[in-house]
Every structure is written in C-alpha cells, then in structure tokens.
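This report refers to the structure that appears directly beneath it.
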Amino acid sequence: MVRIVLPDGKVLERPEGVAVIDVLRDIGPRLARDAVAARVNDELVDLSTRLSQPEVRLSAVMLDSPDGLFVARHSCAHVMAEASCSLWPQTKLVYGPPVEDGFYYDIDLDHSLTPEDFPAIEARMAEIVKEDRPFTRYEMPRGAAMAKLLAEGNEYKVDNAERATGDVLSFYVTGTRDSGCFEDLCRGPHVPSTGRVGAFKVVQVAGAYHHGDASKKMLQRVYGTAWPTRKDLDAHLKRLEEARKRDHRRLGQELGLFTIDPLVGSGLVLWKPRGAVMRHALECLMREELLRRGYQPVYTPHIGRLDLYRTSGHFPYYRDAQFPPLYETDRARILNELWIATYERADGQSLGARELQLLDELRSADRGLYDQLMGAGASAGAGERLAQGPDGREHNLRLIRQLLQHSDGFLLRPMNCPHHIRIFAADARSYRDLPVRLAEFGTVYRYEQSGEISGMTRVRGFTQDDAHIFCTSEQLQQEIADCVDLTKHVLKLLALDDFRVRVGLRDDSDKYVGSRENWAKAEAAVRDAVRHSGMPYTEERGEAAFYGPKIDFVVKDCIGREWQLGTVQCDYNLPERFDLRYTGADNREHRPVMVHRAPFGSLERFCGILIEHFAGAFPVWLSPVQAVVCTVSERSAEYGRGVFELCRQAGLRVELDDSPERIGAKIRAATLAKVPYILVIGEQEAAGRQVNVRTREGAQLGSCSVPEFLVACAQEISSRAVSTARGPVESPKPA
RNA sequence: GCUGCUGUAGCUCAGUGGUAGAGCACGUCCUUGGUAAGGACGGGGCCGUGGGUUCAAUCCCCACCAGCAGCUCCA
C-alpha cells in the first residue's frame, strides 16, 4: 500500500502502483480533469506516474500555477517541434526548454526561418493541439536508448543523452507508443495531452550557439510564449507592447534626450540639452553625497601611456575590448607589437614567427634601434641582446619595455583606476591620511563587440561616477560597507527598488591577477560586507573583476534584460602591481588596499534605465523641463511672458508656449513631452495675477499665485520627491 | 564577433525595374481660441555607402556601414 499525504493533511491509502491521475479522480473529478501534472514529494511528474514508495506527499498542479505553466510551456515546445518537423522533415531537434513567459526550441535546419513562417508553424501546432493526442512516456535502458538514437542519426540528441544522468532514458510520444507519432528524448514531465498546452504564439527566431559555445555551429532558436488562456496570452502581448513604449531608445528619441550618430561612431552617446539636464541633476546629487562622505574630487585625462596599462594589467588583458592604441611613432608601434607577440608566447618557447617578422620590420624601419635590441651595436652590452632561447621571454619583455620609455603608445582609458592610483602615488602618504577617497566622473572607452551595443545601456564611451578608496586593511570593512550604503541610498532615492545583488567571485580561469591569499582576503571582506548589509544576494563564480571580487547591483530593463548598475569592488592586487605604500604608525611602509566603486555605474546606462523606470515622466527635480507656460490667447500673452520670466528667475526650468495654437493643442504637446506642470494662462489668470496648474497626468490643481506655485515647486525639487510611472504622482497643492 | 531581419523626408512608415508618397514635426498666413490635435498654403529626399546585373536600379545580386532580436562577450 501507498500512504498518500495531500496538501490539506488528509491521508489516502492506495495499492502500490496506483496512477496519480486515479488518485486525483478519487479526490474529485474536476481536480482530475483540470490538473496538468502533479507534485510527488518535491518532484514534478506526469499524471500517469505510478506511485510506488510507501509514503508520498501529493499535490495536483494546475495550468495557471507556476509549476503548471512550466510544464505546459515545455509541452508546447514539443508541439512546436513536431510542427517544425512536420513542415520541414529535415529538422534536427536539439533542445527545447521552458523559459520565463514561454519556451524555445533550438533546431538545426537548412531553411532559415523568418516571421513569415510563423503562421504556418502556428497553424500546424493548432492542428496538433486540436487532435489532443496524449503525451505518452516510455523508458528504455541507457544502452538500448543510445543505440536507438544513434540509429536515428540526430547527433544532438545523442549528445543530450550522453549528458543525461541515470541508467534509464525516457521518451515522450505525442500519441500512443509505436503509433508512429512524433516522439522526442525528454526527461519530462508533460501535460496529459496536446490539447492542454494553453494559448500559444510563436514570437521570434534568432541564432544560438550549440551549448552556448561560440566555436560550435549556430542553431536556430525559435521562441514561443504560452499561457493558460487566450485572454492571458493577449494580456502578455499587451504588456510587451507597453514595455516597448517605455524603451529608453524610443523615449530618448521622442523626448529629445540623446542621440547616437553613426558619423560620430557606434556606441557613442550624444547627450542633447534635455538629456544633459537630467544627467547634470544626477551628478549634482552625487557630488553632494560624496562631499558629505569625505571624498575628494579629482580630474584626470581620458588617455594614458600604454605602459601605465601594462603596469595595471589592463593592457593586454582586455586588448580585444579596447580601442586600438595610438602610437606616437612607427617604431613605438613595432616595439609594442613585438611586446604583445612576446607576451602572448607561451613560456618556454623560442621566438615565434610573428616576433621574427616584427624584428625584420624593425630592422628596415630603425636600424639603430634594431641593433640596440639585438646587441649588435657598439653601445649595446651583451646583456641587452634579445634573448633567443626558451627562457628569454621575461628578459625580452623587460628589454622592450625599457626601449619603449623613449616613445610609447597611448590608450584611450578603459578604466579610471590607474590615473587615480598615480595621484595617490604622487605624494608620500601616512596612515593618518587614510582613507584617501578620490572621486571623478571619469569617462572611459571600451571597444564593445558590435553585436552588444544597445542604446545607452551598452556603449563604447561612458562616464562612471567613479572613485577609488585607498585604505588600511583594518579600514577596509567599513569602507566597503559605506559604499554599499551609498549605492543603496541613491537607488532608494530614485525608487529603483527592483534590483538584485550579485557577489562576483573568481573562478579557476587564468584571467585573474594576484595571489590566492590576496583573493581570499578580498573575497572574505566583500562577503562579510554584503552579509552585514542584510540584503539578499547570490554568489557567482567567474563574475569578479580581474583584480578583485565585487558586489554588483543588477536591474532589469523594460524588456527584461539585466544590467549591472552600481558596483563595489575590493582590490589587493593593483596596489601591489603599482607598489603603493603608506607609512604606518610603526614608521614602516605598508601596502594600502583599494576599493573601486561606482554607485550609478555608468551615467549612460543609469540614465537609460531611469528613462524606462519613469517611462520618461521624471520626478520634477530630474525633469528636463519642469513647467511650461501656455497662453490661451494673445490677450494673455504678455502676462504669460511675465510669469515665464518670474519662473525662470526663480531657477525653475521653464518653457513658454505663446504660439498662435489653441490651448488644447498646447496642453497636448506639453503632456506628450511629459512636462510635470502645465501653467495655463488666460485672461482670468492675468486679471487675478495667478497661474492655473495642470499636471501631465491630466489633473487640474486649480489656480494660485506665482510665488505660491514657485514655493511648492522649490519644496518638491529640494526634497527630490519621486513618483514612478506606476505609483501616484505627488504634486504641490496650490490654494 | 556569430545567425537572422531591417535601412525611403527631422520622426513613424507606405511604395514601384522607367529617378517617389502619407501622417506627424517644421515654416508662412488666416483664426484670438479656456484644459489632449482649428484651417489653408509651403519648404524639405545622393530611397544607408560602394560595386555589379540591366537600355534603365530606390527596387535584383555582392560587399561594407548602421540599427533591431537572440547567442557569445562585458574590467
């Protein structure tokens, strides 16, 4: 017998081998009819599953529950796969899991699918759904199953089977077993029949690498969405459409905030006046906070010598993500390329072909330098010869760097830290000076892959609200905690409360610098700080910076893509690479620790996210235009111009619309421009020396005097009152 | 970077193997109008760039550039 414990605590006893569906039927016919799957103990299973353990917990899974949708979407992926195989018999199926809001199926197909194919796929799916064939599971011993898959000749399924665990592999037939119906290697579970997958739609197709490996073949990934009912599907499609309306690329265009011009360059943001206003407001906010928290502003240039980045490790670590170096001279270019070729040569190998070629180039470009390098000239000592042997790598790297002292290349800076480090190093530092906190809105340049560039969120030139803290290891804990606090503070101020915290740690790859001990200390410090902050967080291996672990604040944009905003990073390694020191209380030299941190992250990305967060309807303190004076007719225009001037003198960002349009059109224009306050000025207002206040939400707040309005605005602005597009909008309350 | 799609007026988009259209925006004029669109007229286009096919290319083919979606990457 099997003891079956139901969610309400009731216990049923049934013979061993009883099917879940039969148990549900005994509980209630409607339950049995509506369930799409079941949870047995903690496992999701088919309704046809037979119970064999002596005691189990059992609950029915309904289509409209998260579990039910997960199962139905997976089943829907099978239906889509069957449709594809039916339309294009050469389709090779790869992998088709449920995902948030839907599912996808990766396929290998010579015909490249376009949205024009979707109606045919959907039509075929609808037929399969209408046939309402059962999902029938059958199992085979691993050996037999592998033989079957090999015979079928789909190398992807063979690969999937090899990766699957267990002695038994399962298949699902949409129909009865051996009926010749579509079947697929699959772990399951599935809904009882194809009629139960809900309302679906094929939404897009795009490329995807097999196993996410860029060196592997590119497959076609067909995305679908599925919901319990047609109504739910429509609501989802509607939500997507609404989300697209708040896309910062669209709103940035519509509201005139920024533009990106191919003539200037891909991924380079041009801030138009209105966008610049909101960025400036954010910068002011941050400056106030930094001064309050003991930071010191600095300014540094946007480029630096290559040798700076050799010291830091940025060059050549991230060379393919950097704009190519600027070279003063051809000999600097050749020497640099020689340095890179030498650097990339594995230890213990002799000079490579590239090195020899560059040496040839150097000989014809600059014989003197060549002789110096090769030791043939009279001035060169034997020790300066370019070492040919297997152990010459380190020697040659040093030698080339030495020769580059005369004329080097420059790099558009990919990060600000090396410049700030050199400011720290410029003075003798005592422990009494620490922590030193150097802050700068520092613009950096990274050569992002062309396919990655997107609006303001992924660009090639951006400004970080950056700062570097140099402190003792005793101070480290508090400094990290303060940075986390600052980041939380600004996110809260902007009502950006939908973020997650990610602690990025190193993995075993070779992209990290520094010793294990340094990393262990840094990771402990970061983990400790975030734990003390009380925020939920996830630890992710392989997400660290190359010099240290970090705490990232990650938000989603309006179409669900995740972006890193604020970051706090702990670094024992760059102080070592730059040989930073301070004098301790013991009058001995000590190594400081660094914290890299940027609460906004990049102003470009942050503003992009803010645009979407507020759907362009910024709080008054951030609004590019805070009020528009709209005159009703020429008769009130002069008074209107006076009101405009008064507002402007009071420091309000105000515009005047005294055009010959009708008042309705002016209000419409101001509303669409999402200006928070519209001041309607007619003869009545002129007679009473008042303004009539209307909000972009359409509320008419009545009339008040100009000073009253200005005081209310000033209060709203100085308090940095925030209302999101979702929530209610606070307004001044004119009399 | 990879796969696919797209590129026509400032913006959103029609369109055709015989050198182009709409709406919005913009300009001028008329209208003096009270809380989301008053009317008339007008200016504006190397049809992304470079090659090719063709008597003829915005349209067909190729390459490049740029944008979009996804994948991969992201200090």
Side-chain angles (χ1 to χ4, degrees), chain A residues 104 106 112-116 203-223 244 247 249-250 253-254 256 259-263 265-267 309 312-315 317-322 413-418 444 446-455 457-460 464 504 511-513 542-548 550 552 559 561 563-564 567 569 571 574 596 598 605 630-637 660-673 678-685 692-701:
Chain A
Y104 66 78
D106 282 349
S112 81
L113 294 171
T114 71
E116 281 155 31
V203 289
Q204 68 169 312
V205 58
Y209 298 111
H210 189 215
H211 293 313
D213 182 344
S215 66
K216 293 262 174 62
K217 178 169 184 181
M218 180 149 283
L219 308 167
Q220 299 190 67
R221 179 167 293 178
V222 190
Y223 285 86
R244 275 192 286 271
D247 189 311
R249 291 166 295 189
R250 176 188 175 128
Q253 165 66 33
E254 286 175 3
T259 188
I260 293 166
D261 180 359
L263 190 57
S266 179
Y309 300 103
S312 70
H314 291 95
F315 187 87
Y317 265 78
Y318 287 93
R319 194 156 57 86
D320 51 358
Q322 289 161 1
R413 68 175 171 195
M415 285 184 103
N416 301 309
C417 34
V444 298
R446 298 177 187 177
Y447 194 80
E448 301 288 359
Q449 298 187 71
S450 61
E452 295 308 333
I453 293 170
S454 174
T457 38
R458 192 80 183 269
V459 294
R460 285 181 173 166
Q464 298 175 311
K511 58 183 180 179
Y512 305 102
V513 299
E543 289 293 321
F546 76 86
Y547 46 72
K550 54 184 187 152
D552 289 333
I559 49 180
R561 292 186 282 207
W563 300 100
Q564 175 198 313
T567 184
Q569 312 174 347
D571 178 9
L574 291 185
H596 308 233
R605 180 177 287 178
C630 294
T631 57
V632 173
S633 78
E634 197 48 47
R635 283 199 245 282
S636 51
E661 274 302 333
R662 296 197 197 289
I663 187 64
K666 295 185 189 185
I667 287 168
R668 179 169 192 268
T671 305
L672 291 177
I678 300 165
L679 305 180
V680 178
I681 304 294
E683 290 175 75
Q684 270 176 46
E685 286 73 26
N692 183 274
V693 184
R694 183 189 163 101
T695 70
R696 61 191 160 197
E697 289 77 27
Q700 293 184 42
L701 303 180

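Here is how names work: the chains are called A, B, and so on, in the same order as the sequence lines, proteins then strands, and each is numbered from 1.
- At a cut-off of 3.5 angstrom, the base of B:rU72 holds no donor-acceptor pair with the side chain of A:Asp213.
- A donor N or O paired with an acceptor N or O is not found under 3.5 Å between the base of B:rC73 and the side-chain atoms of A:Arg446.
- For the pair A:Arg668 and A:Val632, both in contact range of RNA chain B, the more 5′-proximal nearest nucleotide belongs to A:Val632.
- Remark: the A:Gln449 side chain and the B:rC71 base include no donor-acceptor N/O pair separated by less than 3.5 Å.
- In this structure, the nucleotide among B:rA66, B:rC73, B:rU31 sitting nearest to the side chain of A:Arg662 is B:rU31.
- With P as the reference atom, B:rA69 and B:rC13 are 14 Å apart, rounded to whole Å.
- Distances shorter than 4.0 Å separate none of the side-chain N or O atoms of A:Thr114 from OP1 or OP2 on B:rC5.
- The separation between A:Asp106 atom CG and B:rG70 atom P is 14 Å, rounded to whole Å.
- Regarding contacts with the backbone of B:rG67, every side-chain N or O of A:Arg249 stays at 4.0 angstrom or more from both OP1 and OP2.
- With hydrogens and angles left out, the side-chain atoms of A:Asp106 and A:His210 include no donor and acceptor closer than 3.5 Å.
- B:rA69 atom C1' lies 15 Å from atom CZ of A:Arg458, rounded to whole Å.
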For A:Arg635 and A:Glu683: C-alpha separation, side-chain torsions, deciding distance, then whether salt bridge (Lys or Arg N to Asp or Glu O under 4.0 Å) applies. CA-CA 7 Å; A:Arg635 283 199 245 282; A:Glu683 290 175 75; 3.4 Å; yes
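- The base of B:rG1 has none of its N or O atoms less than 3.5 Å from a complementary donor or acceptor on the side chain of A:Tyr447.
- A:Lys217 has no side-chain polar atom (N or O) that falls below the 4.0 Å cut-off from OP1 or OP2 of B:rC71.
- For A:Gln253 and B:rG10, a side-chain-to-base donor-acceptor distance below 3.5 Å is absent, hydrogens and geometry of angles not being considered.
- Under a 4.0 Å N-O distance rule, the pair A:Arg250/A:Asp247 does not qualify as a salt bridge.
- Judged by Watson-Crick or G-U wobble contacts below 3.5 Å, the nucleotide B:rU3 has B:rA69 as its partner.
- Across the interface with RNA chain B, nearest-nucleotide mapping of A:Glu254 and A:Tyr318 shows A:Glu254 to be the residue nearer the 5′ end.
- As rounded to whole Å, 5 Å separates atom C1' of B:rC71 from atom CE of A:Met218.
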